[in-house]
Amino acid sequence: MERSLIADTVGKVGQKVRLEGWANTIRDHGKITFIDLRDRSGIIQCVGESLKRVSPESVIEIMGTISERPEKLINPKIATGSVEIQIESLKVLSPAAELPFDMGGEDLNVDLPTLLDYRALTLRHKKQQAIFKVQAVIIDAFRQALLKKDFIEFQAPSIISSVPEGGAEVFKVKYFDHEAYLSQSPQLYKSLLVGIFERVFSVNQIFRAEPSVTTRHLTEATSLDAEFGFIDSWKDVLDMEEYVIRFIFSEVEKKCSDELALFDATLPKISDKIPVLKLKEAQKIIYKRTGRDVRAEKDLAPEDEREICKWSLEEKGSDLVYISHFVTKKKPFYVSPDPEDPSYAFSVDLLGRGVEWSSGGQRLNDYKVILEHVKEWGLKEKDIELYLQSFKFGVPPLGGFALGAERVTMHILGLKNVREASLFPRDMERVDLRFSR
Ligand code: ATP
Ligand code: MG
């Protein structure tokens, strides 16, 4: 008999079926045993008599007949709550050892190190699965949104020969007899490719040797990068990113209502247009609201980002807010300064629910000015030879942005730590498992 999926059992009342999956929970009532069976499509209650003992999480096959549950035993919480299966035979396909903690509850009550140390097991929990289903929809929506706008996807290299964006947070790798690095961002490649394809995007891993343990930094993260040419203004970049974000939210809303409900999560609110504040304006607002004078600072600190997001929600009805015009000299050499005041640049961060989601902006495309910046920033032309080659032969006015997939996932679902939004998070203390073990 062919295998049926659990989600399809509701339409198979009275039929004999073969189901395969994991024994999610087992309740033994003497002679009668209830097993909640889980497969990729859902969960169903199975009832049998005089069954041999099965351990939770074992992989099993059940043959039996689908029956309607009596009215008062219907479980509205699961999609198959109106039916159950009467077990006629049960086969263990792969037994599970004794679990180190209970997996059967609505929540997985373990601390973060345990959650990650037992990743191969904890990911089986439906709430853990839900995080990565949402993440897959976010990444797919990013792709779909840009494909609709005629962007082409590219693969950036992860091994690079130099680090023109600042070397403090970079991993060195031994590359045969040479030194190489793990890429912190596909920025230079994506700009170069605008000179070829006009509109490009990539979904790729970025590597940052973040020396501190925070709730928002991983050492390996997933970057959703987009870059495009023939822009008329830096605002075109903001509009494109806003379109992408709205598309992502609508896809998550459409495809992930069950997953959002598990986390009691609602999508971030966006007003008619995402508000835009210059860094200076944001600093004035912070001073006015809190009395903290950050007006001379060259960047926003994490508490400033939280305060501006509060302001945005209270005053503009938006969980998202753009901050533009960061200090030119604090940004990489390729940022385009604002001609009205070149000490500030057309560089933009998107903040959401208190944290940075993305950075982007307009880039320089004038070869001569790029060369001037390279000197001023103290870089070696040789280190960015390919990039310069591209602009030497003409690249249209361009801009783009990079969203962190884990950050977006985290803040859509209201997770406390970005590690929860990474399947196998890397940080200072672990590569899969903790170093101290
Ligand atoms: P932050 O200021 O929060 O450390 P950043 O400005 O260093 O971030 P960018 O270089 O602007 O980060 O990278 C673009 C986006 O990639 C960020 O807005 C963020 O969403 C994501 N990102 C960058 N670094 C990390 C990291 N270490 N862990 C998780 N996501 C990251
Ligand atoms: Mg940034």
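As a basis for the values below, the full set of heavy atoms in this structure was taken, side chains included, without hydrogen atoms, waters or symmetry mates. When a ligand or atom number is given, it counts from 1 through the structure's own listing order. Computed from a predicted model, the values in this text were never measured in an experiment.
- Taking the ring centre of Phe326 as origin, the terminal cationic atom of Lys298 falls outside the region bounded by 6.0 Å and 45° from the ring axis.
- Using a 3.5 Å distance cut-off with no hydrogens or angles, the side chains of Ser233 and Asp236 do not pair a donor with an acceptor.
- The salt bridge (charged side-chain N to carboxylate O under 4.0 Å, His left out) pairs that include a residue from residues 347-360 are Asp319-Arg353, where partners are two or more places apart or lie in different chains.
- Defined by atom type and a distance below 3.5 Å, a donor-acceptor pair is present between the side-chain atoms of His217 and Thr214.
- Within 6.0 Å of OH in Tyr243 there are more than 12 heavy atoms belonging to other residues, nucleotides or ligands.
- With Phe263 as the aromatic partner, Lys127 meets the cation-pi criteria of under 6.0 angstrom to the ring centre and within 45 degrees of the ring axis.
- The Mg ion (ligand 2) has Glu356 OE2, Ser359 OG as its protein N, O or S neighbours under 2.8 Å.
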Side-chain atoms of residues 370-386: list all donor-acceptor pairs with protein atoms under 3.5 Å, sequence neighbours left out, distances to 0.1 Å.
unit_1: His373; atom_1: ND1; unit_2: Phe333; atom_2: O; d: 2.8
unit_1: Trp377; atom_1: NE1; unit_2: Lys331; atom_2: O; d: 2.8

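- The protein residues lying under 4.0 angstrom from ligand 1, judged by non-hydrogen atoms, are Arg208, Glu210, Arg216, His217, Leu218, Ala221, Glu356, Trp357, Ser358, Ser359, Ala402, Gly404, Arg407.
- Of the N and O atoms on the side chains of Gln205 and Thr222, at least one donor lies less than 3.5 Å from an acceptor on the other residue.
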**Request:** Dump the intermediate steps for salt bridge (charged side-chain N to carboxylate O under 4.0 Å, His left out) on Lys133 and Asp258, then the final yes or no.
**Result:** CA-CA 11 Å; Lys133 285 185 188 166; Asp258 290 348; over 6 Å; no
